[in-house]
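The figures that follow rest on heavy atoms only: side chains count, while hydrogens, waters and symmetry mates do not. Keep in mind the model is a prediction, meaning the values are calculated, not measured.
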Amino acid sequence: MSYGFYPSAQQVAFVPDQLIAGNLKLVTETVTFAEGNTLQRGQVVGQVTATGKYIPCVKTATDGSQTPCGIVVDEVDASAADATGAIYEMGEFNSNYMIFDASWTVDTLKPALRQFSIFVKTGESNAIV
């Protein structure tokens with residue numbers, strides 16, 4: 001008896017993007033991203049206090065999103081409507097692969113994210129694993 005398919009193996013080369021920069025356990029959370037934004041993997045986000053939705057973090061904002069509290073896991077298209085996606089809430093990340101607003105520098109972002117157990121590293125400061 002045949003079911004019309006044949007089992008097979010397939011090999012694919014995995015090429016990491018090097019956003020993850022250490023062995024600290026990664027913690028993720030599913031969140032809602034506010035309409036009007038397209039977010040990339042590695043984007044630093046903040047939460048708008050009034051709505052609880054996440055948008056790109058800008059240091060000079062005054063709506064709550066000025067506090068960086070997460071890093072986008074995978075690309076999210078919320079350009080036309082609110083969208084659900086995931087953020088990293090804890091982990092070690094390579095600053096060379098993070099996306100953040102020009103109002104931030106790596107040196108100012110490090111302590112701001114550390115309070116959320118998000119540790120920012122650079123290729124010069126540690127061995128990226």
Side-chain angles (χ1 to χ4, degrees):
M1 172 180 233
S2 174
Y3 293 101
F5 69 92
Y6 300 97
S8 64
Q10 187 176 27
Q11 184 174 353
V12 178
F14 173 69
V15 180
D17 64 4
Q18 298 183 4
L19 174 63
I20 309 303
N23 294 321
L24 185 65
K25 179 141 177 84
L26 296 173
V27 177
T28 60
E29 179 68 31
T30 301
V31 299
T32 301
F33 294 98
E35 177 182 355
N37 298 288
T38 300
L39 300 112
Q40 301 296 315
R41 173 172 167 77
Q43 176 106 38
V44 177
V45 293
Q47 186 177 30
V48 177
T49 305
T51 63
K53 297 174 184 174
Y54 289 78
I55 62 174
C57 181
V58 177
K59 190 175 184 178
T60 56
T62 58
D63 59 2
S65 68
Q66 70 273 13
T67 303
C69 60
I71 296 175
V72 177
V73 174
D74 286 313
E75 184 175 329
V76 177
D77 183 3
S79 56
D82 290 352
T84 303
I87 60 170
Y88 290 112
E89 291 187 318
M90 184 173 99
E92 297 171 280
F93 300 92
N94 183 345
S95 64
N96 296 322
Y97 293 87
M98 292 169 54
I99 300 167
F100 49 90
D101 185 75
S103 61
W104 291 99
T105 66
V106 173
D107 290 336
T108 58
L109 203 52
K110 280 182 181 184
L113 284 167
R114 189 173 300 129
Q115 65 180 324
F116 295 99
S117 296
I118 297 174
F119 300 94
V120 178
K121 298 181 174 186
T122 61
E124 294 79 40
S125 67
N126 66 295
I128 308 274
V129 189

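The two residues Ser103 and Lys59 make their nearest non-hydrogen contact at OG-N, 2.9 Å. When all heavy atoms of Ser65 and Cys57 are compared, the closest pair comes out as O-SG, 3.1 Å. Between Ser95 and Thr122, the closest heavy-atom pair is OG-CG2, 2.9 Å. Nearest approach of Met98 to Leu19, heavy atoms of both residues: CG-CD1, 3.9 Å. Closest of all the heavy-atom pairs between Ala34 and Ala78 is O-CB, 3.5 Å.
Side-chain contact between Val44 and Trp104 is absent, with no heavy-atom pair separated by less than 4.5 Å. Residues Ile55 and Asp63 meet the side-chain proximity criterion, which asks for heavy atoms closer than 4.5 Å. Two residues are said to be in side-chain contact when any heavy atoms from C-beta on lie closer than 4.5 Å; Phe93 and Leu26 meet this criterion. Put simply, the side chain of Phe116 does not reach to within 4.5 Å of the side chain of Met90, judged on heavy atoms.
Not a single donor-acceptor pair under 3.5 Å links the side chain of Gln43 to the backbone N or O of Val72. Checked by atom type and distance alone, the side chain of Arg41 pairs as donor or acceptor with a backbone atom of Val73 at under 3.5 Å. Using modelled atom types, no side-chain atom of Thr28 and backbone atom of Ile87 make a donor-acceptor pair closer than 3.5 Å.
The one candidate from Asn37, Thr32, Asp82 that meets the side-chain hydrogen bond (donor to acceptor under 3.5 Å, both in side chains) condition with Lys53 is Asp82. With Phe33 as the partner, the side chain to side chain contact (heavy atoms under 4.5 Å, CB included) test is satisfied by one option alone out of Thr38, Asp77, Val76: Val76.
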Take Gln47 and Val31, measure what side chain to side chain contact (heavy atoms under 4.5 Å, CB included) needs, and give me the verdict at the end.
-> CA-CA 10 Å; Gln47 186 177 30; Val31 299; over 6 Å; no

Please assess Ile20 against Tyr88 for the test side chain to side chain contact (heavy atoms under 4.5 Å, CB included), listing each intermediate value before the final yes or no.
-> CA-CA 10 Å; Ile20 309 303; Tyr88 290 112; 3.9 Å; yes

How far apart are the C-alpha atoms of Gln40 and Glu75, what are their side-chain angles, what is the distance that settles it, and do they pass the side chain to side chain contact (heavy atoms under 4.5 Å, CB included) test?
-> CA-CA 4 Å; Gln40 301 296 315; Glu75 184 175 329; 3.5 Å; yes

Criterion side chain to side chain contact (heavy atoms under 4.5 Å, CB included) on Gln18 and Asn96, from CA distance to verdict = CA-CA 9 Å; Gln18 298 183 4; Asn96 296 322; over 6 Å; no

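One hydrophobic cluster, built from ILVMFWY side chains closer than 4.5 Å, holds both Ile118 and Phe100. There is no path of hydrophobic side-chain contacts, each under 4.5 Å, that joins Tyr54 to Ile99. Residues Leu24 and Ile71 do not share a hydrophobic cluster, defined by chaining ILVMFWY side chains whose heavy atoms lie under 4.5 Å apart.
Interatomic distance, CG of Asp74 versus CG of Leu39, reported as 12.0 Å (0.5 Å rounding).
Thr105 and Asp107 share no donor-acceptor pair across their side chains, judged by distance under 3.5 Å alone.
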